[in-house]
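Working notes, beginning with the structure itself.
Note on naming: letters A, B, ... go to the chains in the order of the sequence lines (proteins, then strands), and numbering restarts at 1 for each one.
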Amino acid sequence: MNQTQLSPMAKIWHVVALIPEGHVSSYGKIADLAGLPGRARYVSRALKMAPDALQLPWHRVINSQGKIAFPETSPHFIEQMQKLRSEAIEVNRGRVKLSKYEWQPDLATLVFALPF
DNA sequence: TCGATGACTGATG
DNA sequence: CCATCAGCCATCG
């Protein structure tokens, strides 16, 4: 159909929406999957701009070191940690064990789930 | 156009 | 494992 190109930001939202409950991914990885390599920082911006109505699982996105990106003192940090724990993800000092929780998307799933 | 900024990263010590 | 640092890149004033 004559669908104009999805904005880079929309692509990021689509990918984030696919992260399964109980799993996490990183800014850089989301950028890659969205076809925007090297734009990890843009992913953080896209999440900040995302409309609440989208109900994105933003809390499942952490940095490449497996840590929550917000400072430990911020309300955001607390909220993200609680949301992660609420889906059985262990978080210690803002850190998540990637070897145990990192999302491993398979190509087939992505190809059929993403509109681009 | 320039410099600062940030929910980032990978390399390095 | 932690801290630092240069590189990164869209956005903003």
Side-chain angles (χ1 to χ4, degrees):
Chain A
M1 37 184 167
N2 90 48
Q3 147 100 30
T4 348
Q5 290 195 24
L6 225 44
S7 73
M9 200 146 88
K11 289 184 176 183
I12 290 168
W13 294 340
H14 271 284
V15 176
V16 171
L18 296 181
I19 306 173
E21 179 176 343
H23 291 272
V24 298
S25 191
S26 66
Y27 300 92
K29 187 61 67 67
I30 296 301
D32 289 345
L33 294 174
L36 304 164
R39 261 154 290 182
R41 305 191 96 136
Y42 185 71
V43 171
S44 65
R45 199 170 309 114
L47 290 181
K48 180 158 55 179
M49 302 307 296
D52 291 355
L54 292 183
Q55 307 249 29
L56 290 183
W58 59 269
H59 57 284
R60 297 179 189 145
V61 184
I62 58 184
N63 70 27
S64 66
Q65 310 311 300
K67 298 208 311 176
I68 289 177
F70 295 109
E72 290 191 34
T73 55
S74 80
H76 282 330
F77 177 94
I78 305 296
E79 183 184 359
Q80 185 164 16
M81 183 167 64
Q82 292 178 334
K83 281 179 176 287
L84 290 172
R85 286 175 170 162
S86 77
E87 41 189 82
I89 295 175
E90 302 168 73
V91 188
N92 300 306
R93 297 195 213 84
R95 196 194 313 278
V96 171
K97 197 165 191 171
L98 293 180
S99 61
K100 182 171 182 179
Y101 299 104
E102 190 174 26
W103 177 35
Q104 313 286 3
D106 64 282
L107 183 56
T109 300
L110 295 178
V111 168
F112 289 105
L114 296 173
F116 56 92

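One can find a donor-acceptor pair under 3.5 Å joining the base of B:dA7 and the side-chain atoms of A:Tyr27.
Salt-bridge check for A:Glu72 with A:Arg93: failed, with every basic side-chain N at 4.0 Å or more from each acidic carboxylate O. A:Glu90 has a carboxylate O that lies under 4.0 Å from a charged side-chain N of A:Lys100, or vice versa, which qualifies the two as a salt bridge.
OP1 and OP2 of B:dA7 both lie 4.0 Å or more from every side-chain N or O belonging to A:Arg60. A:Ser26 has no side-chain polar atom (N or O) that falls below the 4.0 Å cut-off from OP1 or OP2 of B:dC8. When the side-chain nitrogen and oxygen atoms of A:Ser64 are compared with OP1 and OP2 of B:dC8, none of them lie within a distance under 4.0 Å.
In this structure, A:Lys29 places its NZ atom 17 Å from P of B:dC8, rounding to the nearest Å. Spacing between atom NZ of A:Lys67 and atom C1' of B:dA7 amounts to 13 Å, rounded to whole angstrom units. Look at CG on A:Leu84: it is 13 Å from C1' on B:dA7, rounded to the nearest Å. Here the P atom of nucleotide B:dA7 and the CH2 atom of A:Trp13 are 17 Å apart, to the nearest Å. The nearest whole Å value for the distance from the CD1 atom in A:Ile62 to the P atom in B:dT9 is 10 Å. In this structure, A:Lys48 places its NZ atom 13 Å from C1' of B:dC8, rounding to the nearest Å. We find that CZ of A:Arg41 is positioned 14 Å from P of C:dT11, with the value rounded to whole Å. Taking atom CD on A:Gln65 and atom C1' on B:dC8, their separation rounds to 10 Å, with Å as the unit.
The side chain of A:Leu47 approaches B:dA7 more closely than any other nucleotide in the set B:dT9, B:dA7, C:dC9.
Among the heavy atoms of the strands, none lies under 4.0 Å from A:Arg93.
With a 4.5 Å cut-off on side-chain heavy atoms, A:Ile19 and A:Ser25 count as touching. The closest side-chain heavy-atom distance from A:Trp103 to A:Val24 is not below 4.5 Å.
Not one N or O on the side chain of A:Arg39 forms a donor-acceptor pair closer than 3.5 Å with the backbone of A:Ala31.
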